[in-house]
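Order of appearance sets the numbers: ligands from 1, and atoms from 1 within every ligand.
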Amino acid sequence: MSNNSDVIIVGGGVVGLTIARHLSLSGRKVSLFEKGACGQEASWAGAGVLTPTNPHRQDALHQFRDHSLKLYAHFCVAVQEESGIDPAYELCGELGLLLTENDVRIAEADVRAVADQSMPDGKSVIEVLTPESLRDLAPWLTTELFGARLKRSTAQIRNPRLMAALYGACEKAKVTIHEGTPVVEFVMEGDHVVGVRTDKERFSSEVVVLCTGAWSSQIDKRLASLMPVHPVKGQIVLLKMDERPFGPVVSRGKQYLVARQDGHVLSGSTEEPEAGFSKRSSAAGVSQLMTRAMAYVPGLSQASVVGSWAGLRPGTPDDRPYIGPVPGWPGLMAATGHYRSGLILAPATAEAVLAMLDGQTYAIDLTVCQPGRA
Ligand SMILES: Cc1cc2nc3c(=O)[nH]c(=O)nc-3n(C[C@H](O)[C@H](O)[C@H](O)COP(=O)(O)OP(=O)(O)OC[C@H]3O[C@@H](n4cnc5c(N)ncnc54)[C@H](O)[C@@H]3O)c2cc1C
């Protein structure tokens with residue numbers, strides 16, 4: 001086979017592009033294959049909320065998430081310098097709405113769990129705000145609340161811009177990018193993966209890294225038993241106000257409102273595993289997201305409706321990603337199944353993949369993310 005690389009990345013979403021950039025900067029010759037255009041699937045469709053882990057959970061995956069969040073500000077500065085595109089990283093904070101007395105008790109337990117941590121300016125990481133203080137601090141919020149949990153370390157990025165910045169950073173790092181080029185199968189020598197085949201050509205590499213998001217069980221159906229990944233549709237509605245109506249992310253469970261600097265507000269998101277690979281916006285989904293937006297921030301009833309879209313999160317049976325060598329498939333690594341947190345986890349995933357390729361022990365034990373786990 002001609003077309004040699006050290007590493008082939010399959011999939012040009014946030015995970016594939018971040019890994020491609022990282023491996024190329026480490027000195028490897030990297031080729032990336034994307035079936036459509038890079039950064040147009042889940043990584044574009046997401047909301048770009050970078051929210052910290054549940055303070056009561058300290059397992060390896062949560063350490064991994066917190067570590068990735070710590071990398072983020074620097075990661076955004078680096079890709080901006082390399083590409084000239086600003087991903088608009090902003091430490092905006094988050095107000096989690098407390099709608100019942102039990103919500104308040106849970107939030108107070110969260111505050112106790114992080115009592116030994118503080119922000120760089122010395123302020124507490126989590127604080128419970130009373131309805132009275134919210135009337136001064138966030139008069140734009142609904143008053144039908146028992147309070148709000150302020151998480152000061154939540155940030156946001158404009159993920160379509162991050163994708164454009166990553167693309168530029170990969171070009172600068174001399175990653176060879178093949179768009180409109182689906183990988184149709186792995187090239188095998190015995191049981192070793194030694195490259196990929198597109199509909200036109202074969203390409204060889206020492207390692208293939210599978211970063212195909214919701215489509216990860218599709219190239220070779222045998223992988224579905226080792227690392228089953230399924231699409232979980234999520235819809236978002238985009239609104240626009242003349243000015244930014246609020247700063248912090250507003251959240252309630254899996255629902256959130258994200259206000260961008262220019263007055264755009266995202267209301268997200270639905271969770272529809274039954275929708276398969278459909279990316280259709282539905283009347284029911286849009287109606288639910290609009291109703292919640294206006295219930296949480298009544299002033300949004302004045303907003304213009306810009307549009308709606310849906311994306312496919314790569315879901316797994318235990319909600320954990322698959323990161324690492326695929327057992328029984330020498331030459332194949334996985335970095336997929338990041339479900340609701342692929343934007344958050346991309347920088348640390350790239351770091352972990354590089355450590356594994358270098359034969360180093362990664363600082364966080366990612367056994368919980370191994371492909372082939374029971
Ligand atoms: C509505 C919504 C809101 C979200 N909000 C957030 C959020 O706030 N924060 C967060 O961290 N995460 C969020 N997520 C999740 C996040 O978007 C995903 O976890 C992340 O984008 C997954 O990245 P990926 O690169 O694995 O997948 P993708 O971005 O889907 O990229 C996979 C790529 O692989 C390509 N591909 C597939 N098959 C092949 C093939 N055979 N050959 C070549 N290329 C192929 C696809 O075309 C695609 O471009 C959200 C997701 C959705 C849908």
Among all the protein's non-hydrogen atoms, which is closest to atom 11 (O) of ligand 1, and how far away is it?
I344 N, 2.9 Å
salt_bridge(E82, K172) N-O dist < 4.0 Å:
no
Residue, atom name and distance, where the atom is the protein heavy atom closest to atom 21 (O) of ligand 1:
S43 OG, 2.9 Å
Below 4.0 angstrom from a heavy atom of V14, which ligand 1 atoms are there? Numbered from 1 as shown, please.
23 (O), 25 (O)
What do you reckon, does G39 have a nitrogen or oxygen under 3.5 Å from a nitrogen or oxygen of ligand 1?
no
Around atom 43 (C) of ligand 1, find the nearest protein heavy atom and jot down its residue, atom name and distance.
K35 N, 3.2 Å
With a cut-off of 6.0 Å (strictly less than), are more than 12 heavy atoms of other residues, nucleotides or ligands near CD of E101?
no
Using the ring of each side chain (for Trp, its six-membered ring), is Y72 parallel, tilted or perpendicular to Y89, with breaks at 30° and 60°?
parallel
Protein residue, atom and distance nearest to atom 49 (O) of ligand 1, heavy-atom basis:
E34 OE1, 2.6 Å
Does ligand 1 have an atom that lies less than 4.0 angstrom from a heavy atom of G268?
no
Kindly assign one of parallel, tilted or perpendicular to the pair H67 and Y362, based on the angle between their ring planes and the thresholds 30° and 60°.
perpendicular
Count I, L, V, M, F, W, Y as connected when their side-chain heavy atoms are under 4.5 Å apart, and connections chain through other members. Are V237 and M241 then in the same cluster?
yes
Please tell me whether L137 and V297 are part of a single hydrophobic cluster in this structure, the criterion being side-chain heavy atoms less than 4.5 Å apart.
yes
Which protein non-hydrogen atom lies closest to atom 27 (O) of ligand 1, naming both residue and atom, and how far is it?
G213 CA, 3.7 Å
Should L343 and I236 be regarded as members of a common hydrophobic cluster, given that ILVMFWY residues are connected when their side-chain heavy atoms come within less than 4.5 Å of each other, either directly or indirectly?
no
For W215, is the NZ or CZ atom of K35 found under 6.0 angstrom from the centre of its six-membered ring and inside 45 degrees of the ring axis?
yes
Mark up the atoms of ligand 1 that fall under 4.0 Å of a heavy atom belonging to R313, in ascending order.
51 (C), 52 (C), 53 (C)
Validation row: R292, L257 side chains within 4.5 angstrom (heavy atoms):
no
Measure V10 to ligand 1 on non-hydrogen atoms and call it side chain, backbone, both or neither using the 4.0 Å cut-off.
side chain
Dump the intermediate steps for side-chain contact (heavy atoms from CB on, under 4.5 Å) on E351 and F75, then the final yes or no.
CA-CA 11 Å; E351 214 184 53; F75 169 62; over 6 Å; no
Atoms in ligand 1 with a heavy atom of C211 nearer than 4.0 Å
32 (C), 34 (O)
Atom indices of ligand 1 within 4.0 angstrom of G342 heavy atoms, with elements:
11 (O), 12 (N), 16 (C), 18 (C), 19 (O), 20 (C)
Would you say V15 has any N or O atom under 3.5 Å from an N or O of ligand 1, going by distance alone?
yes
Among protein heavy atoms, which sits nearest to atom 31 (O) of ligand 1, and what does the distance come to when rounded to 0.1 Å?
G13 CA, 3.3 Å
N/O separation below 3.5 Å, A42 to ligand 1:
yes
What do we get for Y256 next to ligand 1 when only non-hydrogen atoms under 4.0 Å count, side chain, backbone, both or neither?
side chain
Looking only at side chains, do R280 and S278 share a donor and an acceptor under 3.5 Å apart?
no
Of all the atoms in ligand 1, which lie at a distance below 4.0 Å from a heavy atom belonging to I219?
41 (N)
Do the side chains of L210 and I177 join up, straight or via other hydrophobic residues, at under 4.5 Å, putting them in one cluster?
no
For G46, counting its heavy atoms only, list the atoms of ligand 1 lying under 4.0 Å from any of them.
2 (C), 3 (C), 4 (C), 5 (N), 50 (C), 51 (C), 52 (C)
Look only at interatomic distance and state if V183 has a nitrogen or oxygen under 3.5 Å from any nitrogen or oxygen of ligand 1.
yes
Does A214 have a non-hydrogen atom less than 4.0 Å from ligand 1?
no
Heavy atom of the protein closest to atom 38 (N) of ligand 1 (residue, atom name, distance)
T212 CG2, 3.4 Å
Can you tell me which portion of W44 lies within the under-4.0 Å heavy-atom range of ligand 1? Options are side chain, backbone, both, or neither.
neither
Record the part of N159 in heavy-atom contact with ligand 1 below 4.0 Å; permitted values are side chain, backbone, both and neither.
neither
Looking only at N/O atoms, are R340 and ligand 1 under 3.5 Å apart anywhere?
yes
Specify whether H178 and F33 have parallel, tilted or perpendicular ring planes, treating 30° as the upper limit for parallel and 60° as the lower limit for perpendicular.
parallel
Purely on distance, is any nitrogen or oxygen of G311 under 3.5 Å from one on ligand 1?
no
Do any N/O atoms on W215 end up under 3.5 angstrom from N/O atoms on ligand 1?
no
Please report whether ligand 1 has a polar contact with G36, defined as an N or O pair separated by less than 3.5 Å (distance criterion only).
no
Ligand 1 versus I236, non-hydrogen atoms closer than 4.0 Å: side chain, backbone, both, neither?
side chain
Please check if I364 and L357 belong to a single hydrophobic cluster, counting links between Ile, Leu, Val, Met, Phe, Trp and Tyr side chain heavy atoms closer than 4.5 Å.
yes
Do D136 and S133 have side chains that approach each other closer than 4.5 Å (heavy atoms only, starting at C-beta)?
no
Give a yes-or-no answer on whether the side chains of S282 and Q235 include a donor-acceptor pair shorter than 3.5 Å.
yes
Ignoring hydrogens, just give me the one of A47, G234, S269, G11 whose non-hydrogen atom is nearest atom 6 (C) of ligand 1.
A47
Take L97 and Y296 through the test side-chain contact (heavy atoms from CB on, under 4.5 Å) and record every step on the way to the result.
CA-CA 8 Å; L97 305 186; Y296 297 162; 3.5 Å; yes
Side chain, backbone, both or neither: the part of S216 lying under 4.0 Å from ligand 1 by heavy atom:
neither
Does Y339, backbone or side chain, put an N or O under 3.5 Å from an N or O of ligand 1?
yes
Give yes or no for whether the N/O distance cutoff of 3.5 Å, strictly under, is met between V49 and ligand 1.
yes
Which heavy atom of T51 sits nearest a heavy atom of L69, and at what distance?
O-CD1, 3.5 Å
